[in-house]
Amino acid sequence: MCGIVGYSGTSDAVNPVVEGLARLEYRGYDSAGISYRHDGELHIIKKEGKLENLKKVLAQLKPVSSTAIGHTRWATHGVVNDTNAHPHGNDRVSIVHNGIIENANLLREELKASGLEFRSQTDSEVFLNLLTFNLDKTETLKDAIVTTFNRLEGNSAFVIMSKDSHVLYSIKRSAPLVCGLNSKSEEVFVSSDPYALVGFTNKIYFPEDEVLCESDYRNVDAPVQFYELDGSISKRFKIQQKEVKLDVVSKGKYEHFMLKEIHEQPELIKKLVSVYFSDHGLEQLKRIEGKKFQYIHIAACGTALHAGLVIKNYIEAYTKTRVHSDFASEFRYKKPVLNSDELGLFISQSGETADTLACQELCTGAGLKSYSIVNTEGSTLYRNCEENMLIHAGIEIGVASTKAFTQQVLVGNILAKTFAGIINKEEITKEYYLLSEKVSKILDREEEIKQIASEIYQRNGFIFTGRGAQFPIALEGALKLKEIAYVHAEGYAAGELKHGPISLIDENMVNIAIVTPDLYDKTLSNAEEVKARRGIMVILGDEGNKELSAMSDHYFGIDMDGLTDTTPILTNIVLQLLSYHIAKLKGTDIDKPRNLAKSVTVE
Ligand code: F6R
């Protein structure tokens, strides 16, 4: 979704801002813009479409500036065009905005009645105009920002720059925003995503909601200062001094980030053992060992929800606690029955998904404990939960989530066993190392998967089926395929086929059936029903299974020997590669599929 990058310092501002925006391209956007300050005047350049369009204009203009803010916009209010792109500004201030101002229409009418004009269709311009209006009524820009911000409803992050100074102001409510500092080179940064600042800063600040941040590189004692809305100094922020290396954010030898991230999985799986059985990891496991809850509510979105469905099975199996796993967007509005002796468990790669955050708030409000399984340390979800099980997947750039799913499931497995009081280092090490080996073996067989993809990619539709532990994988396989290959795909519980979807089966429909030893006979007969209706059968099953191989058009046998809980990871990785190769044959934008955003920070 929208991305923000701001810079102020002793060097050129335009390049780091554009570089930061380029890093945020993976999040999805449809226009980009920059505002910079030069000789006490504000300039704005913005272009519909890819960042390249903006870069071309900048290459001609060669702007010179040491204070700038930039933005990539993912349209919510108003069509995609240059005017609606950010920054928005006038001769006094420029602003960038992420999120939604819910009372924008009301405020717009008020401002129009006071004679202010609107050029764009965006809610963001409402903030700009209200801020400009308040500038005449308050003493300082800081006061005007606070007065304006106090009138807004909804979740938003803003960065504000004035023609009069090099200082950047930023403020947010339930939307991501970080401030960065490079103390060695006297430079300050602001961004909606710390990833944009990798390599530029040596300190990242995570302010809490409704804290005004003042980034002033010339203020030697406090180049990044935080204020409460009443003007007093605020301590409501966290600092991270961890350096992230730049090579983790390049594609390396791979054509796409998605493929690189799929191939990272064997190492990441093993990493979980070293992390969770280190002194620090064991300390955390000790803290939650044997914890009992009357009921566990899992809420998440998309791939993270599918991980939640696998985790639900683990928790129920090991702890005999009832667990419900739900779409965060449904959970938050269905008036769930919540009691304070229950747990809210939230799963998220980004830790910034608006619906998931809303569920967490709802649970906290009802007195429940909140735990997360999350990738992004310091994210809003991370900050809001009592206990965070980090998945240690590293930065995930491909919009289609792959390695995060694997890590979420495996961390969920550790959590379930810890709750049950049966966590055992030797057992986990054995299972995860064996899994890692078997994942590597699958990755070595990528050519076989590519071959299957080449034989089915032009078909009309795809139904993914599985039962029990593999049912969430059927859902996830279908989600991955539709999001990156733009083909119709559905995930179904195999036993549900004959209650409706079987009418879709003909010689153009592909059934990707996951038939593992668990519930084998039942799943086999579901596959036979499809076969009898001339559907094209791609079967994923256990290695050397002649029966399955004989009945399928394409068989992919998987070595699952010795694994107990983690076979869904193996089947899922086959499907990740299958989706990837189908998408490649179709020529889609694999890392940045159309209409999608990496982190869905609005409802
Ligand atoms: C699918 C995908 C999305 C995300 C979902 C939740 O490949 O990436 O479905 O899983 O938007 O995002 P997080 O995990 O950041 O909360």
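As the structure lists them, so they are numbered: ligands from 1, and atoms in each ligand from 1.
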task: Would you mind running through ligand 1 and noting each atom that sits below 4.0 Å from a heavy atom of Gly302?
output: 9 (O)

query: To the nearest 0.1 Å, how far is atom 6 (C) of ligand 1 from its closest protein heavy atom, and which atom is that?
result: Cys301 O, 3.3 Å

- line: Residues passing the salt bridge (charged side-chain N to carboxylate O under 4.0 Å, His left out) test with Lys482, sequence neighbours excluded, are none

statement: Interatomic distance, CD1@Ile558 vs CD1@Ile442, rounded to 0.5 Å, equals 5.0 Å

query: Do Ser379 and Glu352 get their side chains close enough for a donor-acceptor pair, meaning under 3.5 Å?
result: no

field: Sub-4.0 Å heavy-atom approach of Lys480 to ligand 1
entry: yes

message: How far is atom 7 (O) of ligand 1 from the closest protein heavy atom, and which atom is that?
response: Glu483 OE2, 2.4 Å

task: Give the numbers and elements of all ligand 1 atoms closer than 4.0 Å to a heavy atom of Ser350.
output: 13 (P), 15 (O), 16 (O)

- prompt: Given the side-chain rings of Tyr382 and Phe206, with only the six-membered ring counted for Trp, is the space between their centroids under 6.0 Å?
  reply: no

- request: Give the residue and atom name of whichever protein heavy atom lies nearest to atom 11 (O) of ligand 1, and the separation in Å to one decimal.
  value: Val600 CG2, 4.1 Å

- prompt: Are Thr303 and Glu476 linked by a side-chain donor-acceptor pair shorter than 3.5 Å?
  reply: yes

query: Which ligand 1 atoms does Ala400 reach within 4.0 Å, using its non-hydrogen atoms?
result: 7 (O)

- request: For atom 12 (O) of ligand 1, find the nearest protein heavy atom and state the residue, atom name and distance (0.1 Å precision).
  value: Thr353 OG1, 3.4 Å

query: Atoms of ligand 1 less than 4.0 Å from Ala304 heavy atoms?
result: 10 (O), 14 (O)

task: Please list, chain by chain and in numerical order, all residues satisfying ring pair (Phe, Tyr, Trp, His ring centres under 6.0 Å) with His97, sequence neighbours excluded.
output: Phe158

- prompt: Purely on distance, is any nitrogen or oxygen of Val399 under 3.5 Å from one on ligand 1?
  reply: yes

message: Checking Thr402 against Gln576 for the side chain to side chain donor-acceptor pair (under 3.5 Å) test, could you report, in this order, the C-alpha distance in whole Å, the side-chain angles of both residues, the deciding distance, and whether it holds?
response: CA-CA 7 Å; Thr402 53; Gln576 290 174 351; 4.9 Å; no

query: Is NZ or CZ of Arg594 both nearer than 6.0 Å to the six-membered ring centre of Tyr486 and within 45° of the ring axis?
result: yes

- request: For Gln349, take its heavy atoms, then give the atoms of ligand 1 lying under 4.0 Å from any of them.
  value: 13 (P), 14 (O), 15 (O), 16 (O)

message: Can you report which non-hydrogen protein atom sits closest to atom 10 (O) of ligand 1, along with the distance?
response: Thr303 N, 3.2 Å

